[in-house]
Amino acid sequence: MNRRYRKTIIAGNWKMNKTASETKKFAEELKAVMPKAKWCEVVVCVPAVNIQTAIKAFKDMRVSVGAENLFYEKSGAYTGEVSGDMLKDLGVKYVIIGHSERRQYFGETDVTVNKKVHAALEAGLHPIICVGESLEQREMGITMELVALQVKAALSGVSAEKVRKCVIAYEPVWAIGTGKTATAEQAAEVCTLIRTTIRHLYGARIARSVTIQYGGSMKPANAAELLAQPDIDGGLIGGAALKSGEFVDIINAANQE
Ligand code: 13P
């Protein structure tokens, strides 16, 4: 973390979990344990159908609500899709883009990720752009090239002014939902590379202002060590974000002065 230059953001990615009633219950539980003062921003990214409930439930807790996806067109005949304007109008602040599960199961590519980043920024949302290598790619030794390419592709055509509104999440695919966390060194190495890539594209001043998160089996037991790395400015948390106790423990790990 480096709070002098950029925000620390702890974000939950609920994926396809929790009903609207469970969303309300989680918010009540979280409220009971949430620290009064926060030195980090807390975000919950919830399924689209739970957004309205979440906005209401988290309102007085200073927890921002995020979406897990959007479509890149503004409106039209795209059955089942949700636009950036629709999310913004509900009060959504962040939107996850290019999560590896969407790349794996729903055919998202670096090209569609780039289109979605532009659509999110256009709608006034903050994209949380996910990048990361698979186990095969790590074993092939191409992690750094691959992640740099994903970052460049996602930000293609994005202005310097707009890139400050983006968050990048480094999520090694082999660490997601597996209980296998990247070591702090592995995570730090790639997060530093991401910042270097942004520096080459936009210069040092912009690069140091961008929040870079780590995601992949982040939990109370490993959060403090990951967050102690200077280029890791927060977490994108799956499983542990579904339990209020674990989520708040991670928030507390990021809340150290
Ligand atoms: P887990 O924390 O469950 O490994 O999920 C990470 C993730 O995919 C967050 O987007």
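All figures in this text were calculated on a predicted structure; none of them were measured in a lab. Order of appearance sets the numbers: ligands from 1, and atoms from 1 within every ligand.
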Determine, for Glu68 against Lys15, whether the closest basic-nitrogen to carboxylate-oxygen distance falls under 4.0 angstrom.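 No, Glu68 and Lys15 are not salt-bridged.
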
Does Asp231 pair with Arg6 as a salt bridge, N-O distance under 4.0 Å?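 Yes, this pair counts.
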
Using a 6.0 Å cut-off, check whether atom [atom1] of [X] has over 12 heavy atoms from anything other than its own residue.
{"X": "Glu225", "atom1": "CD", "result": "no"}
{"X": "Lys24", "atom1": "NZ", "result": "no"}
{"X": "Glu122", "atom1": "CD", "result": "no"}

Just which atoms of ligand 1 are under 4.0 Å from any heavy atom in [X]?
{"X": "His99", "value": "7 (C), 8 (O), 9 (C), 10 (O)"}
{"X": "Ser217", "value": "1 (P), 2 (O), 4 (O)"}
{"X": "Ala175", "value": "4 (O)"}
{"X": "Leu236", "value": "9 (C), 10 (O)"}
{"X": "Gly216", "value": "4 (O), 6 (C)"}

Selected option - heavy-atom contact closest to atom 10 (O) of ligand 1, from Glu101, Glu171, Glu68, Lys15: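 That would be Glu171.
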
Which one of Gly235, Gly177, Gly238 has a non-hydrogen atom at the shortest distance from atom 4 (O) of ligand 1?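 When every heavy atom of Gly235, Gly177, Gly238 is considered, Gly177 comes closest to atom 4 (O) of ligand 1.
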
Heavy-atom distances under 4.0 Å are what count here, so tell me which part of Ala240 touches ligand 1: side chain, backbone, both or neither.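 None of Ala240 does.
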
Of the side chain and backbone of Asn13, name the one, both, or neither that has a heavy atom under 4.0 Å from an atom of ligand 1.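 Under 4.0 Å from ligand 1, Asn13 contributes side-chain atoms alone.
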
Ile10 side chain near Val43 side chain, heavy-atom distance below 4.5 Å: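 Of all side-chain heavy-atom pairs linking Val43 with Ile10, none is under 4.5 Å.
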
4.5 Å side-chain heavy-atom contact, Gln213 and Asp233: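 Sidechains of Asp233 and Gln213: no contact.
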
Top protein contact for atom 3 (O) of ligand 1, by heavy-atom distance: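 Protein heavy atom with the smallest distance to atom 3 (O) of ligand 1: Gly239 N, 2.8 Å.
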
